[in-house]
Amino acid sequence: MNLHKITRILVTGGAGFLGSHLCERLVSEGYEVLCLDNFFTGSKRNIVHLLKEPNFELIRNDLVRPVFLEVDEIYNLACPASPIHYQHNPVKTIKTSVMGAIHMLGLAKRVNAKILQASTSEVYGDPRVHPQKEEYWGNVNTIGPRSCYDEGKRCAETLFFDYYRQNKVNIRVVRIFNTYGPRMHPNDGRVVSNFIVQALLNNDITVYGDGSQTRSFCYVDDLIEGMVRMMDGPDEFVGPVNLGNPGEFTILELAAKIIELTGSSSKIIYEPLPQDDPMQRQPDISLAKEKLNWEPKVKLEEGLKKTIDYFRKVV
Ligand code: NAD
Ligand code: UDP
């Protein structure tokens, strides 16, 4: 009998874009991985290749309901992440963030597991400070169409730090900036997937506003590396820590780059800017560099090429 204990890791939202990459990485490293998902935005297709692995298990569950599992670590990723998905049922979105956090923190407390929260740059809202450092408290509308997501994620951070102070739960909080790569949902409305799909179909590229708003795009492999380093790092460093690529681009620059890389004949058209759309976003990642010795390696062009190759097979 092998008495060597293998770390058992729960990944909530494991069938989604980021979750599936994380599960893949953890399975390949020999951990026992439990992937929990309600398949709202995730899909079995994203993890079907893992189902044959003896150290991978799939659980269909909705995080607004409690679940009891024996695990050593929890990565809490369950939550729709694209604006059209999280605004589809805003009450459900905030319930997923808040009740999901309560249920997972309760589980972590009960079984003494280490738990990492996938928070977001949206906690900074439409930032008045640029680039964004972790000390910045943000500029968030409490009652707008994005609030269900932003405030849900802010409340989840609060819960993490309250469980940490009150119950000594071993927490980690990462704030993820816009991340892209293979397995993004082709219809999730996020800018990278939208533009690539539009370009591959030679449809118009829909730039919202005048395209001068900025985002900083991180390739998925870099992001997963940062998350795992945070989970495996010293218990004293709980975050929050920014994870993202500081390379900042306007949306128009992104559109031009994608047209060039796909060789598309698409034209750019302009549509109204959605309410509360942040004008600029760029992570200051000095803390992640210092504490985790982490920084992204994949340049935008290289990551876009890999993502375009993926979408060529999907579209
Ligand atoms: P995604 O929509 O692809 O994945 C989310 C997953 O959670 C899906 O598989 C979905 O089915 C599942 N889910 C949703 N509600 C659930 C519920 N109530 N119970 C169980 N499962 C549920 O999105 P993603 O891009 O992979 O994002 C993953 C996490 O990372 C999210 O928490 C998101 O807020 C965070 N994040 C992502 C980005 C990004 O750029 N991708 C940026 C910041 C933060
Ligand atoms: N955007 C755009 N065209 C699209 C989709 C998005 O111009 O087809 C813009 C959007 O208004 C925002 C930026 O791209 O300014 C990033 O949008 P996304 O939904 O990907 O992420 P988030 O706004 O949550 O950062």
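We count ligands from 1, going down the list as the structure has it; atoms in each ligand are counted the same way.
- Atom NZ of residue Lys109 and atom CD1 of residue Ile115 lie 13.0 Å apart, to the nearest 0.5 angstrom.
- Under 4.0 angstrom from ligand 1, there are no non-hydrogen atoms of His85.
- Distances below 4.0 Å separate heavy atoms of Asn178 from the following atoms of ligand 1: 40 (O).
- The protein atom (non-hydrogen) at minimum distance from atom 41 (N) of ligand 1 is Arg190 NH1, 2.9 Å.
- Shortest contact from atom 30 (O) of ligand 1 to any protein heavy atom: Leu18 CD1, 3.6 Å.
- Here Phe39 has backbone heavy atoms under 4.0 Å from ligand 1, and that is the only part of it that gets that close.
- Ordered by chain and residue number, the residues placing a heavy atom less than 4.0 Å from ligand 2 are Pro83, Glu122, Arg146, Asn178, Gly189, Arg190, Val191, Asn194, Phe195, Thr206, Val207, Tyr208, Gln213, Arg215, Ile251, Pro274, Asp277, Arg281.
- In summary, Asp232 and Arg172 do not engage in a salt bridge, as defined by a charged side-chain N under 4.0 Å from a carboxylate O.
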Report, one line per pair, each donor and acceptor closer than 3.5 Å where one atom sits in a side chain of residues 288-299; sequence neighbours left out.
from: Trp294; atom 1: NE1; to: Asp222; atom 2: O; distance (Å): 3.0

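- A continuous path of Ile, Leu, Val, Met, Phe, Trp and Tyr side chains, each step under 4.5 Å between heavy atoms, connects Val191 with Leu252, placing both in one hydrophobic cluster.
- When the shell of 6.0 Å around CD of Glu271 is examined, it contains more than 12 heavy atoms from other residues, nucleotides or ligands.
- Considering only non-hydrogen atoms, atom 5 (C) of ligand 1 lies nearest to Cys79 out of Cys79, Pro80, Gly42.
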